[in-house]
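From a predicted model like this one, the values you see are computed outputs, not experimental measurements. All ligand and atom numbering here is 1-based and tracks the order in the structure.
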Amino acid sequence: MSPKPINLRSDTQTLPTPAMLQAIASAELGDDTYDADPTVKRFEAMAAAAIGKPAAMLAISGHMANLIALIVHAPAGSEVILDADSHIFHYEVGSLGSVAHLMPWPVTSEAGMLDPQRVAAAIRERDIHYPTPRLLCLENTHNRSGGRVIPLGLHDELCEVAHARGLAVHLDGARIFNAAIAAGVSVHAYTAKVDSVMFALTKGLSCPLGSVLAGDEAFIAEARHVRRRLGGGMRQAGIIAAAGIVALETMIEPLAHDHARARALAEGLARIPGLRVDMASVETNMVYVNHTATGRSTDQIIELLARHSVIASNRPPDHIRLVTNRHHDDATITEAITRVQAAINSIV
Ligand SMILES: Cc1ncc(COP(=O)(O)O)c(C=O)c1O
């Protein structure tokens, strides 16, 4: 019989904690569309304070919160500058075009680091032939580069470039608490210069649902309207907010353990002949492993690992991705390394 799989697919695999389930069961509820869910109100006030913005709104997903931010900041037909490797450009089903009616202007980054000069050059002058640029989107940590942390200095410079040219800045901070912890700065330092920020409750913070969009009062008032327009208005959303309160109170600091375990995992995997890990790239909870020396395709490696009871994600053509979360203790990481070693030994 195969052992229980070790699921390193994503930090989205986290399950609610017992404290969250208890909080959900005992939450005081009301109809949030009538502005009458006390748990949502309490959560949104806490979330605004935690992220360092005057106001915050609960949304059902990170994708929806990003989409709402795009719609509020940029009128249909205007242009959005963003990283060609960003989640919004890559994984959000093109909703910035099909739903928000925006023109994306993707800029290539180096491992998630946008170059301020390239961004400045991408902001086109007002011209009758061009859509008007309205918004710069940043992402931190940067998912497709392997959870890299955009340093605060670079982040501030990018905000300044955009603001100097009259663009707003939205931060896709699905994992902004991971970024702040890894960078050793307060999360407020990262949000001070952006006009809006999204953070996810469902990743390392372990909630079953939800994300937060934060900004100033006027931005959030408009965001509530757009959320409703998209069909994202909720009723007794206190069941989501109750878990969110537990997450804000107890789940932020422990993210540092996920980072330490990702590093231990990376070190172990880097010692396996046939695999290569750029240790400098392992800054938070993600490990990208280059498998080219095995001579197998990414999907073959994923399948092989699954047969050895390790679940990873594919990042073709050269990489697999493994992500740590609170369900992995030190022994699980050691066992994962042993299983990957056995899998790779069977083919090289
Ligand atoms: C950087 C980033 N932004 C946005 C999202 C979207 O979040 P959700 O899955 O809640 O829609 C994700 C999800 O993985 C993400 O990694």
For atom CD of Glu28, decide whether the heavy atoms of other residues, nucleotides or ligands shown that lie under 6.0 angstrom number more than 12.
no
Once the angle between the rings of Tyr190 and His155 is folded into 0 to 90°, is it parallel (under 30°), tilted (30 to 60°) or perpendicular (over 60°)?
perpendicular
Under 3.5 Å, is there a donor-acceptor pair between the Asn314 and Asp299 side chains?
yes
Do His73 and Phe219 have ring centres separated by under 6.0 Å?
yes
Which word best sums up how the rings of Phe177 and Phe199 line up, parallel for under 30°, tilted for 30 to 60°, or perpendicular for over 60°?
perpendicular
Above 12 or not: heavy atoms from other molecules or residues under 6.0 Å from NE2 of His90?
yes
Output block, N or O contacts of ligand 1, threshold 3.5 Å exclusive:
residue	atom	partner	partner atom	Å
ligand 1	3 (N)	Asp172	OD1	3.0
ligand 1	3 (N)	Asp172	OD2	2.6
ligand 1	7 (O)	Lys203	NZ	3.1
ligand 1	10 (O)	Gly62	N	2.8
ligand 1	11 (O)	Gly62	N	3.3
ligand 1	11 (O)	His63	N	2.8
ligand 1	16 (O)	Asn143	ND2	2.9
ligand 1	16 (O)	Arg175	NH1	2.8

